[in-house]
Structures are given as structure tokens and as C-alpha cells.
Amino acid sequence: MTDLRKLARGQPCQLRLPGICNHDNETTVLAHVKAGWCGSSKPPDICGIWMCSNCHDVFDGRRYSEYSRTELDAEALRALTQQLVWYVRHGVVRW
Ligand SMILES: [Zn+2]
């Protein structure tokens with residue numbers, strides 16, 4: 001199986017929060033979405049989104065923004081869906 005964390009390096013940010021995103025692919029990491037995931041461990045990597053450092057900091061609450069949690073989660077759903085489509089189109093995940 002493809003190492004999704006390695007694959008994330010250098011990829012474009014998928015969250016792309018207006019006014020926040022730095023569009024710097026060099027800062028992209030696989031940011032895990034914990035919705036519904038209990039415990040201190042990270043969810044599976046398939047639940048990750050490519051995020052630049054700025055979007056990641058806002059999404060994880062390390063940086064203030066005017067986005068509500070609901071707005072961030074809605075953006076994350078869009079981004080995760082785009083991420084999954086990318087995986088299918090590039091053969092990373094079989095449909
Ligand atoms: Zn971003």
C-alpha cells in the first residue's frame with residue numbers, strides 16, 4: 001500500500017481556506033480528520049487531507065481564524081472528497 005504520508009509531501013493543499021492558505025506545497029502534510037474517531041491515536045491515513053501549514057494550524061486550532069468549527073468541517077468534507085477522488089484517479093485506491 002502507498003505511504004499516504006510520504007505521498008502528501010509537495011502536493012497542493014486541498015483545504016485551501018480563503019485568506020488563510022499559503023499555497024506553498026513545500027509545507028503540505030497529511031492532516032488527519034478525527035471526526036468520529038475516538039482515542040488519542042490518529043485515524044487511518046485514508047482519513048487525511050493534504051494541508052499546507054497555515055490551513056493545518058487553523059484546522060487543528062493552533063491558529064485563530066474567523067472560521068467556525070462547522071465551516072471548517074464542511075470545508076474538510078469537500079477537501080477529503082476531492083482527496084479520495086484524486087486517489088482513485090491516480091490508482092492509489094482501487095474503486
Ligand atoms: Zn492551505
Side-chain angles (χ1 to χ4, degrees):
M1 179 168 171
T2 302
D3 184 332
L4 298 181
R5 295 181 196 201
K6 279 187 183 174
L7 179 63
R9 296 180 196 149
Q11 298 288 353
C13 179
Q14 293 296 308
L15 198 58
R16 299 187 303 273
L17 296 172
I20 301 291
C21 190
N22 63 26
H23 303 282
D24 181 356
N25 297 359
E26 296 304 312
T27 70
T28 300
V29 296
L30 187 70
H32 293 80
V33 178
K34 293 185 175 180
W37 186 260
C38 298
S40 58
S41 62
K42 288 186 177 184
D45 287 346
I46 197 71
C47 300
I49 302 169
W50 299 337
M51 288 188 204
C52 72
S53 55
N54 285 3
C55 289
H56 193 194
D57 284 347
V58 167
F59 188 76
D60 281 1
R62 290 185 296 273
R63 174 178 169 163
Y64 173 78
S65 81
E66 295 188 1
Y67 288 96
S68 69
R69 186 75 253 165
T70 300
E71 290 170 326
L72 291 171
D73 288 345
E75 290 297 322
L77 176 60
R78 174 198 47 78
L80 183 58
T81 302
Q82 291 175 336
Q83 184 80 60
L84 293 172
V85 168
W86 191 96
Y87 286 152
V88 170
R89 285 185 176 155
H90 290 84
V92 176
V93 173
R94 290 193 176 266
W95 178 248

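Quick note: numbers below take in every heavy atom, side chains included, and nothing from hydrogens, waters or symmetry partners. Remember, it's 1-based here, ligands and their atoms both numbered in the order they're listed.
Under a 4.0 Å N-O distance rule, the pair Asp3/Arg5 does not qualify as a salt bridge.
For residue His23, no N/O/S atom approaches the Zn ion (ligand 1) to within less than 2.8 Å. For the Zn ion (ligand 1), the set of nearby N, O or S atoms under 2.8 Å includes none belonging to His56.
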Inset, instruction - Dump the intermediate steps for side-chain contact (heavy atoms from CB on, under 4.5 Å) on Trp86 and Val92, then the final yes or no. - result: CA-CA 8 Å; Trp86 191 96; Val92 176; 4.0 Å; yes
Inset, instruction - Starting from the C-alpha separation in whole Å, work towards a yes-or-no answer on salt bridge (Lys or Arg N to Asp or Glu O under 4.0 Å) for Arg62 and Asp57. - result: CA-CA 5 Å; Arg62 290 185 296 273; Asp57 284 347; 3.0 Å; yes
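Rounding to the nearest 10°, we obtain 110° for the angle at the Zn ion (ligand 1) between Cys13 SG and Cys55 SG.
For CZ of Arg69, the number of neighbouring non-hydrogen atoms (other residues, nucleotides, ligands) closer than 6.0 Å is greater than 12.
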